[in-house]
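Since the structure comes first, as structure tokens, the remarks are kept for the end.
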Amino acid sequence: MLSVFRSFIRSKFGALFAILFLGVIAGAFILGDVTSGKFGSGSMLGGGGTAAKAKGQTLSQTELQDRVQRVFENARRSNPGLQIGDFFAQGGGSQVYDQLVASLTLRAFADDQGVHISKRLVDAQIAQIPAFQDAAGNFSNDNFRALLVRERLTEQALRDDISREILQRQLLAPVGLGVKLTDSMVLPYASLLLEARQGTVAAIPAIAFLDEKNPTDAQLADYYKKNASRFTIPEQRRIRYAVVDAERFAQAAQPTEAEISASYNQNKASYAAKQSRSVEQLVLPTQAGAKAIADQVKGGKSLAAAAQSAGLAVSSLADQSREALTVTAGKAVADSVFAGKQGDLIGPVRGPLGWLLLRVTATKETPARTLDAVRGEIVTALRAQKEKQLLSDFTGKIEDAIANGDSFQEVVKDNGLKLETSPPLLATGKQVKDQTYAAPADIQPLLAPVFAMSADDDAQLIPITADKRYALAAPGEIITAAPPPLAEVKQLVLAQYKLNAGNLKAKALAEQIQAKVAKGAKLADAIAQAGVKLPAPQMLGGRRADIMRGEQRPPAEVAILFAMAANTVKTLPIGQDRGYFVVQLNKIERGDAKNQPELLNQVRTQLAEVVGQEYGQQFERAVEKELGVTRNAKAVEQVRSALAATNSGEQ
């Protein structure tokens with residue numbers, strides 16, 4: 001259901017429903033490994049216990065752990081600072097587990113009902129995956145095998161995953177079809193989008209309570225220990241790489257005189273003298289009608305004017321060669337046009353669609369080009385072609401060496417490449433100790449692939465500029481995520497310590513003000529009587545549809561207005577220990593979408609998708625109950641503990 005909401009939220013009105021249905025979602029992780037470029041359940045290491053059972057089907061703890069790791073790595077590509085603990089806290093591990101159990105359940109149900117996925121259907125799905133296609137869009141067995149090796153997958157593991165995906169689609173898609181929602185069901189939700197609210201918001205900033213007195217070293221050290229995760233530096237990596245550029249083949253790619261002559265002779269027709277004609281064309285159904293129009297043109301009318309008087313219109317054909325005109329209009333028409341001069345009226349001539357009248361509007365003569373005249377463009381084309389082929393052969397040789405077990409250093413040395421190593425970098429390409437550092441152009445494309453690799457993975461050949469420049473790259477030193485020594489960040493920790501202390505005081509004052517306002521005091525008066533200089537309260541609000549239009553999200557202090565009961569007051573943290581808001585809801589103006597059919601239909605469509613997905617989930621749960629599927633209640637926690645120990649040193 002969450003995946004449907006996520007796609008819904010990206011629609012025109014979907015963002016508004018985020019508040020209605022979901023509140024605040026901290027993170028979203030989708031299992032779509034195949035379509036996102038990650039395939040299969042990964043290498044099966046065996047053992048590790050059972051995460052779930054469904055009749056003859058079993059989900060191993062190892063398979064669950066491997067899949068969660070892969071989904072986490074996928075999520076970290078778009079959010080490099082994501083830590084494994086955050087991933088689990090946001091529900092990522094549970095979502096992966098639920099989806100794997102659902103897949104397991106449906107597979108067991110299909111086997112029980114005699115439903116099977118054919119090898120031919122799986123083959124067709126594999127052929128459609130872009131990662132397995134060549135430049136022409138055709139399935140490439142070489143690309144297929146290379147990617148399986150790079151991802152450390154067996155072909156059977158990939159096929160099993162695709163079979164499960166097809167099975168889920170076939171079993172669940174029909175369940176959610178044909179959902180029809182009445183106006184009475186849709187109207188309340190559509191009307192909520194038109195609801196307007198207004199409130200008063202007062203900020204209680206933490207900086208208003210900063211203590212000039214510094215804490216003791218022991219207090220600061222204790223605070224740092226308890227809040228180490230807030231100061232943790234994300235994982236850093238040195239990138240080892242060796243660049244392969246097409247320029248290294250510039251001399252070898254220089255075409256010979258024989259190759260230049262051969263290319264000229266092979267394409268001699270394109271260098272020969274050419275004639276072309278531009279014409280106006282009018283097609284008529286009868287010869288008599290065509291003659292009548294021709295007589296008007298001969299009497300002084302233009303072809304366009306004569307055609308217009310008959311309720312017709314001419315079309316124009318520019319720079320037509322004899323061959324092109326023969327294909328579209330026939331040999332007789334082409335011969336007649338090329339026999340005429342500029343301004344001549346041709347026809348009536350019988351064409352494939354009727355009788356044609358044509359007027360030659362322009363003629364063009366292109367003289368033949370000699371070898372000397374086109375030598376430069378032939379040399380450029382041949383050099384580029386040979387460079388590309390030589391580069392392809394060379395990179396293929398490197399990939400073969402890596403696949404055969406040669407080390408990074410051996411491949412670099414054997415092929416005369418220059419090994420380079422970057423400084424320690426974050427996944428964003430920034431340096432921790434040099435904020436002005438900008439990763440060179442050659443390193444930028446390597447960041448995501450190298451940060452997705454394990455320390456013991458084989459080096460990968462990564463394109464920097466397709467068909468021009470590549471880099472053989474692998475992780476060098478990996479510095480796990482960890483807080484730096486307190487001495488290095490003492491001033492930052494001291495500032496945060498004071499801000500945290502101020503935030504606690506801001507929270508206490510905000511709760512006092514909330515209590516006063518709840519008893520009838522005016523928010524402005526309570527702020528004025530606080531004994532601390534605070535910003536004046538602000539009036540905020542608006543219509544739900546306006547403040548959450550498109551992809552934008554309202555500030556938290558505005559969004560909370562739409563989650564409050566009438567005439568209530570709440571406190572809300574500003575975030576990052578910066579203080580608290582006191583929010584009072586003053587007015588609610590109910591919306592009514594009864595006379596807005598377009599809005600009703602849009603909401604109906606979106607809700608039908610959500611309800612259809614819910615039907616699918618209910619079907620899954622019913623099947624799970626029917627088959628007596630058993631779940632290991634500790635499965636997700638065991639995976640969290642295992643991955644916390646291997647990802648960035650988290651505990």
Side-chain angles (χ1 to χ4, degrees), residues 69 72-74 76-84 146-147 149-152 232-250 390-392 394-485 488-489 646-650:
Q69 175 71 39
F72 167 64
E73 290 172 356
N74 247 2
R76 196 158 61 170
R77 285 192 178 96
S78 57
N79 181 12
L82 181 68
Q83 300 298 321
I84 193 68
L147 192 141
V149 170
R150 187 165 70 245
E151 296 294 332
R152 306 185 305 281
T232 293
I233 297 172
E235 181 182 273
Q236 302 170 75
R237 296 189 174 197
R238 292 183 185 271
I239 298 177
R240 295 184 300 156
Y241 66 101
V243 174
V244 181
D245 195 288
E247 284 295 322
R248 73 181 286 138
F249 308 108
L390 289 168
L391 178 62
S392 177
F394 188 76
T395 54
K397 174 185 172 185
I398 289 176
E399 288 182 321
D400 288 344
I402 292 293
N404 290 333
D406 289 2
S407 68
F408 188 101
Q409 290 85 349
E410 289 172 338
V411 173
V412 169
K413 181 179 179 181
D414 293 346
N415 291 279
L417 301 176
K418 179 183 178 183
L419 178 60
E420 299 184 66
T421 303
S422 75
L425 300 176
L426 298 170
T428 58
K430 297 292 186 180
Q431 270 193 281
V432 173
K433 296 185 177 181
D434 183 2
Q435 297 299 314
T436 63
Y437 175 86
D442 280 349
I443 290 181
Q444 287 287 352
L446 312 182
L447 292 167
V450 171
F451 269 83
M453 297 168 68
S454 299
D456 56 352
D457 278 353
D458 292 333
Q460 292 183 18
L461 201 60
I462 301 168
I464 296 173
T465 304
D467 297 329
K468 287 286 186 182
R469 193 171 176 86
Y470 292 80
L472 184 66
E477 178 189 10
I478 298 179
I479 305 172
T480 58
E488 293 184 9
V489 289
T646 57
N647 286 271
S648 302
E650 289 192 29

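What you see below is based on every heavy atom in this structure, not just the backbone, and it leaves out hydrogens, waters and symmetry mates.
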Original post:
Is there side-chain contact between Ile443 and Leu425, with at least one heavy-atom pair below 4.5 Å?
Top reply: yes
**OP:** Grab the two heavy atoms, one from Met453 and one from Ala459, that are nearest each other, plus how far apart they are.
**Re:** CE-CA, 4.3 Å
**OP:** Can you sort out the partners of Ile479 under side-chain contact (heavy atoms from CB on, under 4.5 Å), two or more places apart, ordered by chain and number?
**Re:** Gln236, Pro424, Glu477
**OP:** Grab the two heavy atoms, one from Glu235 and one from Phe451, that are nearest each other, plus how far apart they are.
**Re:** O-CE2, 3.7 Å
**OP:** Provide the closest heavy-atom pair for Leu426 versus Leu447 in the form atom of the first, atom of the second, distance.
**Re:** O-CD2, 4.1 Å
Original post:
Do the non-hydrogen side-chain atoms of Pro475 and Asp457 ever get within less than 4.5 Å of each other?
Top reply: no
**OP:** May I ask you to decide if Ser407's main-chain N or O and Glu410's side chain share a donor-acceptor pair within less than 3.5 Å?
**Re:** yes
Original post:
Which salt bridge (charged side-chain N to carboxylate O under 4.0 Å, His left out) pairs, counting each pair once, include a residue from residues 429-451, with sequence neighbours left out?
Top reply: Asp442-Arg469
Original post:
Do the side chains of Ile402 and Val411 get nearer than 4.5 Å, heavy atoms only?
Top reply: yes
Original post:
Any idea which heavy atoms bring Pro449 and Ile462 closest together, and the distance?
Top reply: CB-CD1, 3.6 Å
**OP:** Supply the atom-to-atom distance Ile478 CD1 to Arg237 CZ, rounded to the nearest 0.5 angstrom.
**Re:** 4.0 Å
Original post:
Would you say Ile398 and Leu417 make side-chain contact, with heavy atoms under 4.5 Å?
Top reply: yes
Original post:
Which atoms form the tightest heavy-atom contact between Ala441 and Ile464, and what is the distance?
Top reply: O-CG2, 4.3 Å
**OP:** Return the minimal non-hydrogen interatomic distance between Leu391 and Tyr470, and the atom names on each side.
**Re:** CD2-CE1, 3.7 Å
**OP:** Sort and list the pairs that fulfil ring-ring contact (aromatic ring centres under 6.0 Å, His included) and have at least one residue in residues 394-430, not counting sequence neighbours.
**Re:** Phe249-Phe394
**OP:** For the pair Ser422 (side chain) and Ile239 (backbone), establish whether a donor and an acceptor sit closer than 3.5 Å, ignoring hydrogens and angles.
**Re:** yes
